[in-house]
Amino acid sequence: MDFTELEAIEGLRWTWNSLPTTKQDISSLTIPPSIMCTPLMQSQSQSQSTTNDLPILPYDPLICSTCGAILNPYARVDYQTRIWCCPFCYNRNHFPRSYSGIAETNLPAELFPTYSTVEYASNATAGVTTGGLGSSNSSLCSMDGGAAGNVVGPGLGFVFVVDLCMDENELRAVKNELLLVVEMLPENSLVGLVLFDDMVKVVDLGFSDCLRVVLFHGQRELSPQQTHQFLGINRIRKQQLGMPPVSEKQTFLLPINQCEFNIITAIEEIHHTSQVVPGHRPLRCTGAAISAAVGLLEGYSINTGSRIMIFTSGPATLGPGIVVDSDLSNSIRVHRELINGHANYYYNSVNFYKKISERLTDSSIVLDLFACALDQIGAAELKIPVEKSDGFMLLGESFDSDQFRKCMRHIFSPDEDGNLKMYFDATIEVVTTKDVKICGALGPCVSLRKKNGLVSDHVTGEGGTYIWKLGTLTNKTCIAFFFQVSEEQKPQPGSAFFIQFITRYRHGNSGIRKRVTTAARRWVGKQSPEITAGFDQEAAASVMARLAIHRAETCYARDVIRWLDDTLISFASKFGEYIQEDPSSFRLSSNFSLYPQFMFYLRRSQFIDVFNTTPDETAFFRLMLNREGVVGSLIMIQPTLFQYSFDGPPVPVVLDIRSILPDVILLFDSYFHVVIHCGSKIAQWRKLNYHTDPNHENLRKLLEAPEIDAQQLVLERVPAPKLVKCDQHSSQARFLLAKLNPSVTQHSTYTDGSDVIFTDDLSLQVFIDHLQTLAVQE
């Protein structure tokens, strides 16, 4: 079973593609039934070998009147009476008149067997009503989206929050990017500007005589109502409620076409204002600035989607959300202080940002964090609102870098129609057959706490609901959903069960889209070989990684590692083939053989083992893992390693210290770092400039090949990974050595000329030996 091909069709990766029928048998699998869902992944037609656009249907979907499921290829259709039977609840529903021409030879696109995913772009809001088949006799007419969903309305909202404590060079880089962004925004986009140091300054973009701002004290935590009152936004609400119109014009958030000159002028006039006392950090009220920006957008009630973009170069030192005080003699918190509970401000700041996160969710606002500094800036405290709104986080060293510029251009890149590729105000609804219960989700989403008969009492992550909210979506946003078998319904082996994902989001042109993915799998007997054949070890590793970092937020790292080990031992004992008490007889089939090594690299990864990482770095790593799909997650867990040599094209090699050889080049990709590692002989030849000699053309090509591949990796990934070029035995080689399997250490008696890693960590072979010994015990 090719799980990658299935993912290209459905956008789904299942840990188990066939399930036993009882709760006890499912719990014995040790890895929970779950789905890695990428809602906006492009679908691939089964009838063609190339990737096609998924069908865009310019009309409203047909919804089951009982369970809320949408018409799909698994529905049974009676063409004579024009009735369709819902595969989820078996309710019989009538087709509307617009489907009067339906027949076996004239099917609407949503009933095509090859279209398990379709997208609805209703233009009913524009006053146009379109039927499923219309007057055309062609069943493919509904695939032409045309102008469907191109609803012209109010634009997206953007509030730029800029830290005035940066030095002038950093501010100049930020200003240049903001000016480019303003040029790229559609004319109806709403923009606002908030500046902060020890005070918060909300810029009045409607006043052109000079730079006029409303000041907020950086140490005060204001309620939304107080923010609205100080900005005069409450008068807008009165006008919306039918009160007499007000004469004062609201000017803090304006369309680009009304304030382009003013906002460009305001950005150009941004300058460094903080007066730093020697021995102290700059006074910076980041939390108060974010609160003011949220209050600004809340007051204007933008329902088309909006985002707050923070640009900062240091930690908050006063007011709500404080990370560390200004005295440099007090160092910023580290993991040890968080574990021991000695971080003075951390927990109060996290609680403050949890409240901010709730406000962001209620108003469909996305929070982005761009932080460039050589020290921590408080990303650990800001992780919750950024992650829950599916915002963007960049931790860099300087704003004057290609990494920052690339991120900004990626976020504001337009699609083929000139609309921003931003999809706001999304919800994901899950519908299942009655024999499946919904436990929860892990990812950049928030539970809406809506229950029905399909919701399980057993909660995993964001649970207690069948519908989740996301501030925004990208084509790479991936969420892990968890399920269990219902105890009330008794499924029969051989019968099918269905799961449908209904993703509603606001398109870049402000039109509402609904993407519907329907998938079917089978119940089988507990000893069925289909269980083994349907196990996706890559998806399982990704799901277990999310569960592990979810536990790591509230448990000690050693407890998380112990839980991973216990789960792996139970898994190996369940699916291994062995003779009791004989470790040498232990075998795992090919469908399971890679899973133990995934767990080996996971338990020693930076997601679990926080040694030598800051809380900010850990927050960033976990945030990225929690939204990445299966392929990206696996690269984070077990990086890839390619070898370049004179013997032929590049080949993948094992992630082991023995792969380092003097006459080869290694290309290492851990998602966050891309390393080009030259062996000692290659490095020596390069330093002697042999590659510039026409007689050594092969050496020049060998040196160029990994450079080209590395640049391709950097270009494809956002945020861009750090590119490291190093030689064998150099200090920069630590980026590679830290991830390699330490099969040869200072304790090894036979090294065979290999490099040595100085560590007390277990090697993969010792880990597997211990696993086999424990798995075969009674």
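Keep in mind that what you see is a predicted model, and the values were worked out from it rather than measured.
Below 30°, between 30° and 60°, or above 60°: for F311 and F404 the angle between ring planes is above 60°, a perpendicular geometry. Between F392 and F370, the ring planes are parallel. Angles under 30° get that label, and only those over 60° would be called perpendicular. Aromatic ring pairs are classed by plane angle as parallel below 30°, tilted from 30° to 60° and perpendicular above 60°; the pair H507 and Y505 is tilted. Aromatic ring orientation, Y120 versus Y59: perpendicular (interplanar angle above 60°, classes split at 30° and 60°).
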Taking it one step at a time, do R307 and D368 satisfy salt bridge (Lys or Arg N to Asp or Glu O under 4.0 Å)?
CA-CA 7 Å; R307 65 195 315 151; D368 299 318; 2.6 Å; yes

Do E553 and K383 pass the salt bridge (Lys or Arg N to Asp or Glu O under 4.0 Å) test, and can you show the C-alpha distance, the side-chain angles, and the key distance before you say yes or no?
CA-CA 12 Å; E553 298 293 339; K383 174 179 177 285; 3.7 Å; yes

Hey, mind stepping through D362 and R359 against salt bridge (Lys or Arg N to Asp or Glu O under 4.0 Å) and telling me if it holds?
CA-CA 5 Å; D362 292 341; R359 293 169 62 187; over 6 Å; no

Could you go through the side-chain contact (heavy atoms from CB on, under 4.5 Å) check for F399 and L171 one step at a time?
CA-CA 8 Å; F399 286 108; L171 266 179; over 6 Å; no

Does K201 form a side-chain contact (heavy atoms from CB on, under 4.5 Å) with L164? I'd like the steps, not just the answer.
CA-CA 10 Å; K201 307 172 180 68; L164 298 179; 4.1 Å; yes

Could you go step by step and tell me if R409 and E177 meet the salt bridge (Lys or Arg N to Asp or Glu O under 4.0 Å) rule?
CA-CA 9 Å; R409 285 161 176 71; E177 282 306 306; 2.8 Å; yes

Decide side-chain contact (heavy atoms from CB on, under 4.5 Å) for I290 and L367; before the verdict, give the C-alpha distance in whole Å, the side-chain angles of both, and the deciding distance to 0.1 Å.
CA-CA 9 Å; I290 294 172; L367 182 66; 4.3 Å; yes

From CA spacing to verdict: side-chain contact (heavy atoms from CB on, under 4.5 Å), D204, F252:
CA-CA 5 Å; D204 186 345; F252 298 104; 4.0 Å; yes

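A distance-only check finds a donor-acceptor pair linking the side chain of T465 to the backbone of K450 [under 3.5 Å]. A donor-acceptor contact shorter than 3.5 Å is absent between the side chain of T38 and the backbone of M41. Between the D400 side chain and the A173 main chain, no donor and acceptor come within less than 3.5 Å of each other. Looking at T361, its side chain does come within 3.5 Å of a backbone N or O of S357 through a donor-acceptor pair. Formation of a donor-acceptor pair under 3.5 Å by the W468 side chain with backbone atoms of E462 is found in this model. Panel note: side chain E429, backbone I502; no donor-acceptor pair is recorded below 3.5 Å. Between the side chain of D616 and the backbone N or O of Q376, no donor-acceptor pair lies under 3.5 Å. R546 contributes a side-chain N or O that, together with a main-chain N or O of L442, makes up a donor-acceptor pair within less than 3.5 Å. Panel note: side chain R284, backbone P315; a donor-acceptor pair is recorded below 3.5 Å. Side-chain atoms of H228 never come within 3.5 Å of backbone atoms of L296 as a donor-acceptor pair (strictly under, hydrogens ignored).
Annotation: cation-pi geometry satisfied between R717 and Y671 (NZ/CZ under 6.0 angstrom from ring centroid, within 45° of ring axis). A cation-pi arrangement is absent between R622 and F607 under the rule of less than 6.0 angstrom and at most 45 degrees off the ring axis.
For the atom pair CD1 (I467) and CZ (R504), the distance works out to 9.0 Å, reported to the nearest 0.5 Å. Between atom CZ of residue R13 and atom OG of residue S633 there is a gap of 10.0 Å, rounded to the nearest 0.5 Å. To the nearest 0.5 Å, atoms CD (Q403) and SG (C407) are separated by 5.5 Å. Put simply, CD1 on I310 and CG on D163 are 10.5 Å apart, with the number rounded to the nearest 0.5 Å. Between atom NE2 of residue H410 and atom NZ of residue K406 there is a gap of 8.5 Å, rounded to the nearest 0.5 Å. Remark: I264 CD1 to E183 CD distance equals 6.5 Å, nearest 0.5 Å.
Separation of the F501 and F481 ring centroids falls under the 6.0 Å cut-off.
Using modelled atom types, one finds no donor on one side chain facing an acceptor on the other under 3.5 Å when comparing N72 with E110. Side-chain atoms of S398 and E170 form a donor-acceptor pair, as typed in the model, at a separation below 3.5 Å. Remark: the T518 side chain and the Q500 side chain contain an N/O donor-acceptor pair separated by less than 3.5 Å. With hydrogens and angles left out, the side-chain atoms of S364 and K469 include a donor and acceptor closer than 3.5 Å. Counting only N and O atoms by type, the side chains of D390 and T472 include no donor and acceptor under 3.5 Å apart.
Counting only heavy atoms from C-beta outward, the side chains of V431 and Y466 never approach each other to under 4.5 Å. Taking the side chain as every heavy atom from C-beta outward, I9 and Y115 never approach each other to under 4.5 Å. Between N188 and P255, the closest side-chain pair of non-hydrogen atoms is not below 4.5 Å. Counting only heavy atoms from C-beta outward, the side chains of L420 and P186 approach each other to under 4.5 Å.
Closest non-hydrogen pair, I377 versus S313, comes out as CG2-C, 3.9 Å. Heavy-atom minimum distance, I637 versus A545: CD1-CB, 3.7 Å. Across all their heavy atoms, P39 and R515 have their closest contact at O-CD, 3.1 Å. When all heavy atoms of S389 and I365 are compared, the closest pair comes out as CB-O, 3.5 Å. Among all heavy-atom pairs drawn from G192 and L253, the shortest one is N-CD1, 3.6 Å. Between I479 and P444, the shortest heavy-atom contact is CG1-CD, 4.1 Å.
Few gaps surround CD on E268; more than 12 heavy atoms of other groups in view lie less than 6.0 Å from it.
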